[in-house]
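Positions are given from 1 along the sequence. We count ligands from 1, going down the list as the structure has it; atoms in each ligand are counted the same way.
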Amino acid sequence: MKGTKFSYLLAVAAAALLLFSFPFAGAASAADAAVITLPAPDKSGGVPLMKALSERKSNRSFSEQVLSQQELSNLLWAAFGVNRQDGRRTVPTAKNSQQAAIYAATGTGVWRYDGAAHTLTKVLSRDTVKVFGGAPLTLVYAAPEGLYGAMHLGSIYQNVGLYCASAGLANVVKATGVDVLKNELKLPEGYKILIIQSVGKPK
Ligand SMILES: Cc1cc2nc3c(=O)[nH]c(=O)nc-3n(C[C@H](O)[C@H](O)[C@H](O)COP(=O)(O)O)c2cc1C
């Protein structure tokens with residue numbers, strides 16, 4: 001009986017350790033989880049669109065504080081989530097090709113966002129906070145080379161910029177730093193990293 005109780009306490013302690021060592025606050029998954037199912041995005045909140053547009057700006061100073069899992073969910077859904085029953089997204093894409101890839105680079109690794117499943121899958125274990133200038137989250141955007149791909153990513157980073165304005169988060173779009181993960185990320189065939197966007201709480 002004593003042994004059972006001890007094992008139970010050990011399991012609880014281990015679960016608590018994993019929970020609090022995770023990079024996104026409030027995440028229930030283990031630190032080494034290969035796939036995180038994000039909570040449903042909160043589509044009811046936010047400031048009115050015209051206010052978000054008024055407040056959209058670049059901010060290059062980030063606190064070390066990580067985003068909550070809900071903020072991350074909202075942000076990625078705004079970026080390129082599914083917003084209709086038929087699987088179409090929050091941004092338009094040429095012939096609904098949906099050609100855009102988003103990687104979330106964080107303190108515990110780089111995660112690929114799957115908008116259809118609203119999940120993150122770990123693709124690299126490397127801590128990327130320092131290499132991206134101290135931002136707790138840097139979105140690395142890839143698309144097929146060419147005009148349409150660049151347009152898709154521009155729509156995505158603007159959605160993220162507006163979400164940040166609405167949620168009081170800092171963000172900056174950057175061309176410098178696009179090569180940081182170039183040789184490590186296995187991109188879809190024909191894709192190229194075109195732009196990045198750092199996000200965090202303002203300092
Ligand atoms: C395609 C693109 C590339 C950018 N590259 C960088 C960059 O490498 N470094 C940086 O600090 N800001 C970069 N920015 C941010 C711009 O400097 C910023 O948007 C501009 O100064 C206007 O400021 P605002 O965003 O506050 O309106 C980039 C923005 C865009 C759209």
Side-chain angles (χ1 to χ4, degrees), residues 23 41 45-67 71-72 74-81 83 89-107 109-113 115 123-124 126-185 187-203:
V47 303
L49 176 62
M50 297 308 266
K51 188 165 164 59
L53 284 164
S54 303
E55 291 176 11
R56 194 232 43 97
K57 61 176 183 291
S58 301
N59 184 343
R60 297 168 180 80
S61 298
F62 304 96
S63 129
E64 286 173 11
Q65 205 187 338
V66 296
L67 268 59
E71 285 170 319
L72 188 68
N74 296 350
L75 179 139
L76 289 169
W77 180 78
F80 199 42
N83 72 351
R89 308 293 184 107
T90 54
V91 301
T93 55
K95 292 186 180 167
N96 191 30
S97 63
Q98 305 195 354
Q99 286 181 317
I102 305 180
Y103 298 87
T106 73
V110 182
W111 305 75
R112 168 115 193 237
Y113 177 58
V123 292
L124 287 179
R126 174 177 175 193
D127 175 349
T128 56
V129 171
K130 278 208 182 101
V131 291
F132 285 122
L137 170 68
T138 295
L139 300 170
V140 177
Y141 298 128
E145 280 191 82
L147 195 57
Y148 287 172
M151 288 173 168
H152 300 166
L153 300 186
S155 298
I156 289 171
Y157 71 58
Q158 181 70 355
N159 279 9
V160 170
L162 289 174
Y163 171 73
C164 288
S166 171
L169 298 173
N171 87 98
V172 63
V173 172
K174 279 190 171 181
T176 48
V178 287
D179 288 340
V180 167
L181 299 176
K182 189 176 136 189
N183 297 324
E184 288 171 76
L185 282 181
L187 303 176
E189 186 67 32
Y191 277 48
K192 192 180 174 199
I193 298 168
L194 299 181
I195 199 84
I196 63 174
Q197 184 170 28
S198 291
V199 179
K201 313 258 176 189
K203 207 169 190 173

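Ligand 1 has no nitrogen or oxygen under 3.5 angstrom from a nitrogen or oxygen of Lys174. When only interatomic distances are considered, the shortest N/O to N/O separation between Tyr157 and ligand 1 does not fall below 3.5 Å. Taking any N or O of Val173, backbone or side chain, at least one lies under 3.5 Å from an N or O belonging to ligand 1.
Surrounding CD of Glu64 are at most 12 heavy atoms belonging to other residues, nucleotides or ligands under 6.0 Å away.
Here the side chain of His152 pairs no donor or acceptor atom with the backbone of Ala101 at under 3.5 angstrom. The backbone N or O of Met50 lies less than 3.5 Å from a partner atom in the side chain of Ser54, making a donor-acceptor pair. A donor-acceptor pair under 3.5 Å is absent between the side-chain atoms of Arg56 and the main chain of Leu162, judged by distance alone.
Contact annotation: the side chain of Tyr141 approaches that of Val160 to within less than 4.5 Å [non-hydrogen atoms, C-beta and beyond]. No side-chain heavy atom of Ile196 sits under 4.5 Å from any side-chain heavy atom of Leu181.
With respect to atom 27 (O) of ligand 1, the closest heavy atom belonging to the protein is Arg56 NH2, 2.7 Å. Atom 22 (C) of ligand 1 has as its closest protein heavy atom Ser58 OG, 4.7 Å. Residue, atom and distance of the protein heavy atom nearest to atom 5 (N) of ligand 1 are Ala175 N, 3.0 Å. For atom 12 (N) of ligand 1, the closest non-hydrogen atom of the protein is Arg60 NH2, 3.2 Å.
Taking a distance limit of 4.0 Å, we find that atom 20 (C) of ligand 1 is approached by no protein heavy atom.
Listed by number with element, the atoms of ligand 1 under 4.0 Å from a non-hydrogen atom of Ile195 are 1 (C), 2 (C), 3 (C). For ligand 1, the atoms closer than 4.0 angstrom to any heavy atom of Lys57 are 26 (O).
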TODO: Please lay out, stage by stage, how Leu187 and Tyr103 fare under the test side chain to side chain contact (heavy atoms under 4.5 Å, CB included).
DONE: CA-CA 10 Å; Leu187 303 176; Tyr103 298 87; 3.7 Å; yes
